[in-house]
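Throughout, protein chains are lettered first and strands after them, A, B, ... in sequence-line order, and every chain is numbered starting at 1.
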Number of protein chains: 4
Amino acid sequence: MLGCAAVARGIRGNKRRIELLEAARDCFSEHGYHATSVDDIAKRVHVARGTFYLYFADKRAIFAELLAEFLGRIAGSIQSIDLADPSRPPREQLRANLLRLVELAEGEPAMVKLTLADAPGLTYELDEQLQTFYAALRLFIDESLQEGQKMNLIRKGDRQLYISLVLGGLQRILLDHCRGTLALSAVEVVDAIMAFLNEGLLA
Amino acid sequence: MLGCAAVARGIRGNKRRIELLEAARDCFSEHGYHATSVDDIAKRVHVARGTFYLYFADKRAIFAELLAEFLGRIAGSIQSIDLADPSRPPREQLRANLLRLVELAEGEPAMVKLTLADAPGLTYELDEQLQTFYAALRLFIDESLQEGQKMNLIRKGDRQLYISLVLGGLQRILLDHCRGTLALSAVEVVDAIMAFLNEGLLA
Amino acid sequence: MLGCAAVARGIRGNKRRIELLEAARDCFSEHGYHATSVDDIAKRVHVARGTFYLYFADKRAIFAELLAEFLGRIAGSIQSIDLADPSRPPREQLRANLLRLVELAEGEPAMVKLTLADAPGLTYELDEQLQTFYAALRLFIDESLQEGQKMNLIRKGDRQLYISLVLGGLQRILLDHCRGTLALSAVEVVDAIMAFLNEGLLA
Amino acid sequence: MLGCAAVARGIRGNKRRIELLEAARDCFSEHGYHATSVDDIAKRVHVARGTFYLYFADKRAIFAELLAEFLGRIAGSIQSIDLADPSRPPREQLRANLLRLVELAEGEPAMVKLTLADAPGLTYELDEQLQTFYAALRLFIDESLQEGQKMNLIRKGDRQLYISLVLGGLQRILLDHCRGTLALSAVEVVDAIMAFLNEGLLA
DNA sequence: TATGAATGAGTATTCATTCAT
DNA sequence: CATGAATGAATACTCATTCAT
């Protein structure tokens, strides 16, 4: 879990760090950021409060690190679509992207909740962190859509609105999927999204 | 006599209540729930802290009331679609619903932010409040979709997933629209959504 | 006591402020700055911890205010020596200055201890505050000495060293006088200092 | 054999002790006692925190030891004045004492600051330590003055006050001299003090 | 109705000190 | 001798809430 971002402080120290990160992730996602005290996190690892501060500057720091790490994994799961590759049609590549995303979310339901439901509006700095990520993501998607529109793979229309629509829809689906509200497999989710993108909702 | 006096007080009292509600709405949307103190709200109305508690039980109460009132207005703006009315085809009715929603949001950007970005994950009780609303909304939409699928107006497929997708997309659009990120008029936004629902994104 | 520097917050509030200032002065002088907690100060006034923060931003603020107020009173007790006034010879004026100083100190033994023994080396900001005061004081004395040297009222020699010697001696005397170590009256103390300035120590 | 090993350890251990003492002296004089953590001291010697506690019981202990050592050296630099020695007139002996003191201070500016500016008001125990030293010093000076007064070498007057005045003045001069505020050589400083003691300040 | 002084529970954070390795 | 991870007591500070006026 939690990738292998932090390597400092030797192997022992890193283990404790990761324990704390996982405990924080679970506390935050169960009770929210504000309702979680540093002591809650420390207690969950059976460690004294002071120990927490050996590894993280403060409460925000551990949240920011959780967030940064997960946003990084999300970014890593998205691959640029190669329109020229004859062996992999664009729709296949898009589908693969969606599938990786859904599977990543499935494996980290707590982080999905933190990232999509709790993080927005927590702190100015955290919001910055998120805005930066989303701005980059939207830019990336915008360029892909523009390319697609040129090649008539994507319908004409306001791309920013399309992005909002798709991004929002996808976020909601990931959240609901992780919560178990949607009783579908990853593949079924992706297929349904693809169908929607292909034909819309109205017959 | 007493009655009259009481009513008079009631009316003035109501004015104060509304001032406080508006002040709270603006404080919350500007700085977030936790970064807003009861004193901030009271000061914005040029009233003492104690006065706040004459009108609201506590801080959560005023947020809950703001939320309930706005969710009520959202619910009120959505009209059931009458499939039998020959003078108003279903798509027209759906379009009208969306337009009312977008215009409602346009008029209350602060409440849109509070409802969609800040409220989730604030408190257990607030989450309950939201879940209840969304559950009812989803149920309502689900029934409409079911009806529409029966009559071949809506494509087959997992309705819950469709709802998540559309709801999430719509929420994101409302948020971005209120933030001014989307440089479109209400009608243009609605048209684009309708186009998406009609044909999807991929050409 | 404690002058009338703060007038804000109405009469009631000012009373509480002054109570807190006096409590802080006594706590600090009895146990030192670091060994005094905000709670100690509040308890001494039979008031809750939070009340302290209604009147002072933090612990340093109340110390800084005590110090500033007392340094102000010291400055106010020192009068420029008018060499031209035939009715009041310079020595008389110097004597009067010293007497005012000793009497001021006698009335505020706690503040003497805080200012002379505890304040130096507490905080960077506090040190600044003191340095500024002493720099101004030394400058003032230096000008007086220079004038005196011109008129042959003061012996030639390095003025900065003289100032250090006299200032240090005076501080020590004030401290010891307030502690009761010196079993003398204010007038006797002043007379002895004057004798020393006149003739030195060695016969 | 064991003895030799123990001594060897003792010698190395002593080296570490001294390194720690010097590091502590510099940390304390740079940032003050409270702003210096045990870790700061240990880090300065490139040693782990735990190592500190192999040599000193706690933080106060190392400060107390620094202080005791320096007070000891001060005491050692002061020689009893032999009034009977015809080859060395009393003023010469006094002058020599002052010169030794100023030169000692010049060589240890950090300790001068610690002893004169920081130590007073730090801890009850430390204050005791200082009071004991000063009491002994004052007693010693008092006896010398008494002797001097008997022989008409010292002016009549309250000896305790004289001591306060001279001690305070001397302390201030040593501090300012170490800070470089006084732009004089050790000899010049001593000469000025002697002139002051001889004739006072007023012409 | 309105006030605002007072409350005190709640938390983040620091750091001297210990101890297993 | 040396380490440094772990400890947890100690404290400053915030802020929702109350209540006497």
Side-chain angles (χ1 to χ4, degrees), chain A residues 9-10 12-13 15-17 34-42 45-61, chain B residues 5-6 8-10 12-13 15-16 34-43 45-62, chain C residues 9-10 12-13 15-17 34-42 45-61, chain D residues 5-6 8-10 12-13 15-16 34-43 45-62:
Chain A
R9 217 174 288 256
R12 270 284 300 271
K15 179 164 158 284
R16 192 41 54 93
R17 247 185 99 79
H34 281 105
T36 298
S37 72
V38 169
D39 201 37
D40 292 334
I41 299 170
V45 186
H46 303 296
V47 140
R49 253 204 303 290
T51 304
F52 175 92
Y53 290 93
L54 293 177
Y55 297 93
F56 301 96
D58 49 35
K59 207 171 100 175
R60 285 177 320 173
Chain B
R9 253 189 264 129
R12 265 209 273 136
K15 180 163 158 284
R16 190 48 48 94
H34 280 105
T36 297
S37 70
V38 169
D39 200 39
D40 292 334
I41 299 169
K43 278 223 183 79
V45 186
H46 304 296
V47 140
R49 259 205 288 289
T51 304
F52 175 92
Y53 289 92
L54 294 177
Y55 296 93
F56 300 96
D58 50 35
K59 200 172 115 175
R60 285 175 320 173
I62 201 172
Chain C
R9 219 174 286 257
R12 272 282 303 269
K15 180 166 158 282
R16 190 46 49 93
R17 247 186 100 78
H34 280 106
T36 297
S37 73
V38 169
D39 202 37
D40 292 334
I41 299 170
V45 186
H46 303 295
V47 140
R49 253 202 304 290
T51 303
F52 175 92
Y53 290 95
L54 293 178
Y55 297 93
F56 301 96
D58 49 36
K59 206 172 101 174
R60 284 177 321 173
Chain D
R9 254 189 262 130
R12 263 208 275 138
K15 180 165 157 284
R16 190 46 51 95
H34 281 105
T36 297
S37 71
V38 169
D39 199 38
D40 291 334
I41 299 169
K43 278 223 182 80
V45 186
H46 304 295
V47 141
R49 258 206 288 291
T51 304
F52 175 93
Y53 288 92
L54 294 175
Y55 296 92
F56 300 95
D58 49 38
K59 200 171 114 174
R60 285 174 321 174
I62 201 173

Rounded to whole angstrom units, what separation is found between the [atom1] atom of [X] and the [atom2] atom of [N]?
X	N	atom1	atom2	answer
A:Tyr55	F:dG4	OH	P	12 Å
D:Lys43	F:dT3	NZ	C1'	14 Å
A:Ile41	E:dA12	CD1	C1'	11 Å

- Measure from the side-chain heavy atoms of B:Ala48 and tell me the nearest of E:dT7, F:dG8, E:dG4. E:dG4

- Message: So, using side chain to side chain contact (heavy atoms under 4.5 Å, CB included) as the criterion, who are the partners of A:Arg49 when residues are at least two apart?
- Response: A:Asp39

- Task: Using the test ring pair (Phe, Tyr, Trp, His ring centres under 6.0 Å), find all partners of B:Phe52 that sit at least two apart in sequence or belong to another chain.
- Result: B:Phe56

- Interatomic distance, D:Thr36 atom OG1 to D:Ile62 atom CD1 [nearest 0.5 angstrom]: 10.5 Å

- Do the side chains of C:Leu54 and C:Arg16 get nearer than 4.5 Å, heavy atoms only? no

- Annotated structure of DNA chain F as dot-bracket, pair cut-off 3.5 Å, Watson-Crick or G-U only, | for inter-strand, is .||||||||||||||||||||

- B:His46 or C:Val47: which one's nearest nucleotide on DNA chain E is closer to the 5' end? B:His46

- Message: Among residues at least two apart in sequence or on other chains, which ones pass side-chain hydrogen bond (donor to acceptor under 3.5 Å, both in side chains) with D:Ser37?
- Response: D:Asp40

- Quick tally for nucleotides 14-21 of chain E: nucleotides whose base has a protein heavy atom under 4.0 Å get B, sugar-phosphate-only ones S, the rest -, giving BBSBB---

